[in-house]
Amino acid sequence: MPELPEVETIVNDLKKKVIGRKIKSVWFDAPKLIKKPKPVIFVKEMRGLKIENIKRRAKNILIYLSAGKLLLVHQKMTGHLLYGQWRVQNKKPISSLRGVMQEKVNNYIHIIFYLDNGWQLALSDLRKFAKVILGSQREIENLAELKKLGPEPLEKGFNFRKFQQALCGKKGKIKQVLMDQSVISGIGNIYSDEILWLAKIHPFRPVNQLKNLELKKIFHFIKEVLKKAVKLRGTSISDFRDPEGKSGHYATRLYVYRREGEKCPRCKNAIKRLKMGGRSAHFCPHCQKL
DNA sequence: ACTAGCCCCTGGGAGC
DNA sequence: TGCTCCCAGGGGCTAG
């Protein structure tokens, strides 16, 4: 599901709701989502910890806890961190009281953190790709998957020079490179399509053949698209939801993503979809020449 | 040391 | 209506 803007939205919302809260207990029904430590230990270790801070790194959510602990949550394709109140009945959470009501994301809750104010932080995930890892702050921050991440595109220090450096020596198609988390953090399939359409660059162009001017355009639209999407609280194509179960508003702004066959908003030619490494690239063959 | 491809899952939508 | 096939915003692992 989520790329940078969606994760950013979730983190900002959760900060307001759960910082300072204590975790009273943990419920789960999908042990495989808990990568470390073993689920039984995980539950025991989480109990009594206080949520001190929440940060985003790439598409990861980092929940800083008391006792120097850190919880990493990656939502992958269909994961959602939700804030609400549910009852567990027949070993499945059901919607109740306040929070997310009658949303389909409710049906897939697999982990619930019970907070000391009566509310809950829950992880729902239809496809069960999501993962949580608990460890010491040091341990988590040193995980290879975090250490290898490229720069954050919305950070002030991320200027054109840093962008060039990140791409330096890279091979392959520009779309794939933009989505490579070790090059730049947080861009996925939706926003890479949108960025490249705005920059008028064909997604299959080899990155090492792009001219300086073209790179500048891409750089410019990375910032512009991501900022706008954060402002609009992300894109809800199928099931992205914020912690209260509400949709984001960027979907209406999408120019090419999932618009195969529709008219290009610029030139009115038909938008095309091509497979690239198991994923779809959407683009306008007229505006974005190979 | 690379990269393409498979895989982890479940459901929605299109086409027949 | 129901079956089959393809699709899905991520990313780790493996085989070549």
Side-chain angles (χ1 to χ4, degrees), chain A residues 1-10 28-36 56-61 72-81 92 103-111 123-133 143-150 169-197 203-204 206-208 225-226 229-230 232-242 247-261 272-283:
Chain A
M1 160 205 57
E3 303 180 35
L4 185 153
E6 291 76 33
V7 181
E8 183 78 10
T9 299
I10 287 166
F28 68 90
D29 75 345
K32 61 177 309 170
L33 302 193
I34 301 169
K35 301 297 174 190
K36 243 190 194 175
R56 179 188 62 76
R57 177 70 177 108
K59 302 169 190 171
N60 299 279
I61 298 168
L72 179 152
V73 180
H74 197 304
Q75 306 176 106
K76 298 284 180 79
M77 304 271 267
T78 48
H80 304 85
L81 263 189
K92 287 303 296 175
E103 288 277 347
K104 65 179 171 184
V105 289
N106 279 13
N107 303 334
Y108 309 106
I109 289 173
H110 296 302
I111 304 178
L123 178 66
S124 91
D125 188 11
L126 184 152
R127 289 167 80 178
K128 295 183 191 157
F129 288 173
K131 65 172 178 187
V132 300
I133 307 175
L143 287 174
E145 61 203 87
L146 288 185
K147 293 211 96 170
K148 68 163 198 209
L149 291 171
K170 297 290 165 193
K171 283 179 288 183
K173 305 171 178 95
I174 179 63
K175 179 175 166 69
Q176 279 174 332
V177 174
L178 286 182
M179 290 196 296
D180 183 337
Q181 300 303 295
S182 67
V183 178
I184 307 167
S185 290
I187 301 172
N189 210 24
I190 296 181
Y191 296 111
S192 59
D193 277 352
E194 296 301 305
I195 289 162
L196 291 172
W197 181 82
F204 284 62
V207 69
N208 54 11
V225 166
L226 294 179
V230 168
L232 292 176
R233 303 178 55 78
T235 302
S236 299
I237 279 291
S238 60
D239 69 350
F240 168 69
R241 295 294 183 274
D242 71 14
S247 302
H249 306 290
Y250 196 81
T252 53
R253 308 297 182 97
L254 294 174
Y255 295 110
V256 284
Y257 180 74
R258 286 248 200 147
R259 294 195 185 279
E260 184 186 19
K272 255 185 107 171
R273 178 167 68 92
L274 279 179
K275 278 266 184 190
M276 175 190 282
R279 248 157 222 128
S280 291
H282 307 79
F283 63 101

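Note that the structure is a prediction, hence the values are computed from the model and not measured. Lettering of chains follows the sequences in order, A, B, ..., and the numbering in each one begins at 1.
For the side-chain hydrogen bond (donor to acceptor under 3.5 Å, both in side chains) test, residues two or more places apart in sequence or in another chain that qualify with A:Arg57 are A:Glu152, A:Ser185. Applying the ring-ring contact (aromatic ring centres under 6.0 Å, His included) test to A:Tyr255 and every residue at least two apart in sequence or in another chain returns A:Trp197. Not counting sequence neighbours, A:Phe129 has no partner by the ring-ring contact (aromatic ring centres under 6.0 Å, His included) test. By the side-chain hydrogen bond (donor to acceptor under 3.5 Å, both in side chains) test, A:Glu8 pairs with A:Arg56, sequence neighbours left out. Not counting sequence neighbours, the partners of A:His282 by the ring-ring contact (aromatic ring centres under 6.0 Å, His included) test are A:Tyr257. Residues passing the salt bridge (charged side-chain N to carboxylate O under 4.0 Å, His left out) test with A:Lys128: none are found, sequence neighbours excluded. In this structure, A:Lys35 has no side-chain hydrogen bond (donor to acceptor under 3.5 Å, both in side chains) partners at least two apart in sequence or on a different chain. Partners of A:Ser247 under the side chain to side chain contact (heavy atoms under 4.5 Å, CB included) rule, at least two apart in sequence or in another chain, are A:Ser236, A:Arg241. Scanning for salt bridge (charged side-chain N to carboxylate O under 4.0 Å, His left out) contacts around A:Arg259 gives A:Glu262, with sequence neighbours left out.
At a threshold of 4.5 Å between non-hydrogen side-chain atoms, the residues A:Tyr191 and A:Pro5 count as touching.
Using modelled atom types, one side-chain atom of A:Thr78 and one backbone atom of A:Arg127 make a donor-acceptor pair closer than 3.5 Å.
Atom name C1', nucleotides B:dC8 and C:dT4: the rounded distance is 22 Å, in whole Å. Nucleotides B:dC9 and C:dT14, compared at atom P, are 16 Å apart to the nearest Å.
With hydrogens and angles ignored, no donor-acceptor pair under 3.5 angstrom links the side chain of A:Arg258 to the base of C:dA8.
First and last contacts of DNA chain B with chain A, using any nucleotide atom under 4.0 Å from a protein heavy atom and ordered 5' to 3', fall at B:dC8 to B:dG11.
Among the protein residues, A:Tyr191 comes within range of no part of the nucleic acid, since none of its heavy atoms lies under 4.0 Å from any strand. Among the protein residues, A:Gly277 comes within range of no part of the nucleic acid, since none of its heavy atoms lies under 4.0 Å from any strand.
In secondary-structure terms, DNA chain B builds stems of at least 3 consecutive Watson-Crick or G-U pairs, each pair having both distances under 3.5 Å, at B:2-8 with C:10-16, B:10-16 with C:2-8.
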Where protein sits on nucleotides 11-16 of chain C, one letter per nucleotide: B base, S sugar-phosphate only, - none, heavy atoms under 4.0 Å: BS----
